[in-house]
Protein chains: 2
Amino acid sequence: MADTRQRLIDGAIETIRERGITGTSARTIAAAAGVNQALVFYHFGSVPELLRQACLAATEARVAPFLARMDQVGSLRELLALGRELHAEERAAGNVTVLAQFLAGAQADPELAAATSAALHLWIDALERTLDRLLAGSPVAELTDTPGLARTVAAAFIGLELFEGVDPEGGQSALDALDRLAVLTEVIDDLGPIALRALRAKLRRSTA
Amino acid sequence: MADTRQRLIDGAIETIRERGITGTSARTIAAAAGVNQALVFYHFGSVPELLRQACLAATEARVAPFLARMDQVGSLRELLALGRELHAEERAAGNVTVLAQFLAGAQADPELAAATSAALHLWIDALERTLDRLLAGSPVAELTDTPGLARTVAAAFIGLELFEGVDPEGGQSALDALDRLAVLTEVIDDLGPIALRALRAKLRRSTA
DNA sequence: GTCTATACAGCGATAGAC
DNA sequence: GTCTATCGCTGTATAGAC
């Protein structure tokens with residue numbers, strides 16, 4: 001059955017979610033999937049290879065339902081609100097730390113790093129498209145590149161997820177601060193010509 | 001000798017740096033420290049307890065030399081520059097992922113989470129003091145709380161470190177984007193009264 | 001394709017010699 | 001305080017029955 005492959009992938013995600021990267025092994029994954037331990041090696045050859053495929057599959061499944069919602073976002077503030085929604089849903093579902101665990105495990109494993117990077121880019125690319133659309137015509141677009149900004153936002157989001165894992169209240173206050181700070185970008189947009197002139201002057205000075 | 005304790009703590013950091021949290025055990029730590037494996041249990045009782053103490057000790061040693069430099073920072077832009085310096089030095093020394101590895105391991109271990117949180121707060125508290133000083137009198141201070149902002153910045157920094165581990169070029173472009181975006185905060189400060197009025201109006205509308 | 005059985009290495013932790 | 005030796009357990013991975 002091709003069903004066993006899927007059960008192992010699901011089991012891998014479930015295990016990494018509930019026991020972290022340190023508690024994930026062929027035995028614990030197989031137990032979660034309800035199949036025999038040897039099947040991990042029959043179907044995937046090794047544990048890291050199973051994790052690699054599970055990382056991509058899981059992220060794809062997570063990103064998909066958010067793509068449509070990102071297209072409907074009309075401002076940076078709304079994007080941040082969607083981010084908080086995403087954050088809340090993922091946390092409730094217990095998925096928050098999955099990608100973060102992969103990220104940590106990937107630091108010492110080049111192959112897992114490549115897979116994690118690819119998975120992250122599913123988020124980053126969507127974010128980049130949204131930022132491009134939102135920032136078109138804004139003075140902010142003139143002083144930053146959206147590819148870099150998208151990576152910053154995605155990385156910061158991951159950092160916040162991890163931080164909340166060790167300090168839930170601190171993570172909450174960080175998100176609140178970001179939310180209030182988002183007003184700032186709206187003000188920039190509203191000021192329009194004045195801000196634009198000031199920004200350009202500033203840029204000339206700082207890059208000279 | 002009390003020296004063995006220190007060697008084990010150093011060995012723990014070295015191991016977690018070079019082999020990640022998944023490759024860290026009493027045996028690998030003892031090998032790095034050049035002492036017998038049983039001494040881990042004699043001196044610390046368990047591996048997690050050694051990691052807990054190593055996490056705090058290592059962070060303290062890292063934070064100390066930066067405290068004076070943070071006091072000399074005069075603007076948000078300079079603070080960001082110091083952040084990039086810190087980033088570069090840590091990366092060159094190979095320390096970048098150490099705290100991140102603790103953070104990931106802590107997601108599934110409450111005791112390690114408490115220690116990691118305490119270690120992170122060594123950074124956060126220093127950051128908070130600096131932000132308080134820099135933002136005094138700025139309109140930005142009116143629409144955000146520095147405690148939350150300090151946590152956001154620290155969390156984002158960690159996220160960037162982890163991200164750079166799986167995608168070095170992407171991490172670089174993210175840092176570049178941040179750098180260019182820092183000009184924005186200076187513009188806000190420069191606009192002074194005008195921006196302040198706009199921000200207040202905006203705040204009234206958005207919180208109503 | 002799935003199972004049992006088994007190999008061998010590495011793990012945390014303890015006992016006891018020195 | 002440090003070492004050797006050892007326990008029992010869990011890890012990856014393979015061989016072979018079904």
Side-chain angles (χ1 to χ4, degrees), chain A residues 1-55 57 101-102 104-113 115, chain B residues 1-55 57 101-102 104-116:
Chain A
M1 275 195 214
D3 186 47
T4 300
R5 277 186 66 94
Q6 190 57 47
R7 290 177 65 170
L8 279 171
I9 286 178
D10 294 343
I13 298 300
E14 185 185 327
T15 307
I16 218 165
R17 175 168 57 220
E18 284 168 13
R19 312 186 39 159
I21 188 80
T22 54
T24 298
S25 69
R27 279 176 151 89
T28 54
I29 292 171
V35 300
N36 189 276
Q37 168 259 150
L39 293 177
V40 168
F41 304 95
Y42 175 79
H43 284 289
F44 298 92
S46 74
V47 174
E49 178 58 26
L50 165 54
L51 290 181
R52 228 179 56 77
Q53 295 193 30
C55 177
Q101 291 293 315
F102 278 117
Q107 304 291 323
D109 180 339
E111 300 214 357
L112 195 54
Chain B
M1 277 197 212
D3 185 48
T4 300
R5 277 186 66 94
Q6 190 58 47
R7 290 179 64 169
L8 279 171
I9 286 177
D10 294 342
I13 298 299
E14 187 186 326
T15 306
I16 219 165
R17 175 168 58 220
E18 284 168 13
R19 313 188 34 160
I21 187 82
T22 53
T24 299
S25 69
R27 285 176 149 89
T28 54
I29 292 172
V35 300
N36 189 276
Q37 167 258 151
L39 292 177
V40 168
F41 304 96
Y42 175 79
H43 285 289
F44 298 93
S46 73
V47 174
E49 177 59 25
L50 165 54
L51 290 181
R52 228 178 56 78
Q53 294 193 30
C55 176
Q101 291 292 317
F102 278 117
Q107 305 290 326
D109 180 339
E111 298 214 358
L112 196 54
T116 307

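Below, chain A is the first sequence line, B the second, and so on; all start at residue 1.
Put simply, CG on B/Leu39 is 15 Å from P on D/dA5, counting in whole angstrom units. Here D/dA17 presents its P atom at 17 Å from CG of A/Asn36, a figure rounded to the nearest Å. As a whole-Å value, the separation of B/His43 NE2 from D/dG1 C1' is 6 Å. Per the geometry, CG belonging to A/Leu8 stands 9 Å off P belonging to C/dT2, to the nearest Å. Counting to the nearest Å, the P atom of C/dT2 and the CD atom of A/Gln6 are 13 Å from each other.
For A/Arg17, the side-chain hydrogen bond (donor to acceptor under 3.5 Å, both in side chains) partners two or more places apart in sequence, or in a different chain, are A/Asn95. B/Ala106 meets the side chain to side chain contact (heavy atoms under 4.5 Å, CB included) test with A/Val166, B/Leu112, B/Ala113, B/Thr116; sequence neighbours excluded. Taking B/Asp109 as the reference, nothing meets the side-chain hydrogen bond (donor to acceptor under 3.5 Å, both in side chains) condition, with sequence neighbours excluded.
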Report each atom pair, protein N/O against N/O of nucleotides 11-14 of chain D, whose distance is under 3.5 angstrom.
{"from": "D/dG11", "atom 1": "OP1", "to": "A/Ser25", "atom 2": "OG", "distance (Å)": "3.0"}
{"from": "D/dG11", "atom 1": "N7", "to": "A/Arg27", "atom 2": "NH1", "distance (Å)": "2.8"}
{"from": "D/dT12", "atom 1": "OP1", "to": "A/Ala26", "atom 2": "N", "distance (Å)": "3.3"}
{"from": "D/dT12", "atom 1": "OP2", "to": "A/Ala26", "atom 2": "N", "distance (Å)": "2.7"}
{"from": "D/dT12", "atom 1": "O4", "to": "A/Arg27", "atom 2": "NH1", "distance (Å)": "3.2"}
{"from": "D/dA13", "atom 1": "N7", "to": "A/Gln37", "atom 2": "OE1", "distance (Å)": "3.0"}
{"from": "D/dA13", "atom 1": "N6", "to": "A/Gln37", "atom 2": "OE1", "distance (Å)": "3.3"}
{"from": "D/dA13", "atom 1": "N6", "to": "A/Gln37", "atom 2": "NE2", "distance (Å)": "3.1"}

Would you tabulate the side-chain donor-acceptor contacts of residues 26-33 of chain B under 3.5 Å, counting partners in other chains and residues two or more places apart, or write 'none'?
{"from": "B/Thr28", "atom 1": "OG1", "to": "B/Gly23", "atom 2": "O", "distance (Å)": "3.3"}
{"from": "B/Thr28", "atom 1": "OG1", "to": "B/Ser25", "atom 2": "N", "distance (Å)": "2.8"}
{"from": "B/Thr28", "atom 1": "OG1", "to": "B/Ser25", "atom 2": "O", "distance (Å)": "3.0"}
{"from": "B/Thr28", "atom 1": "OG1", "to": "B/Ser25", "atom 2": "OG", "distance (Å)": "3.2"}

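Legend: salt bridge (charged side-chain N to carboxylate O under 4.0 Å, His left out) pairs involving residues 31-52 of chain A, not counting sequence neighbours, sorted by first then second residue: A/Glu49-A/Arg52.
Other residues, nucleotides and ligands place more than 12 heavy atoms under 6.0 Å from the CD atom of B/Glu18.
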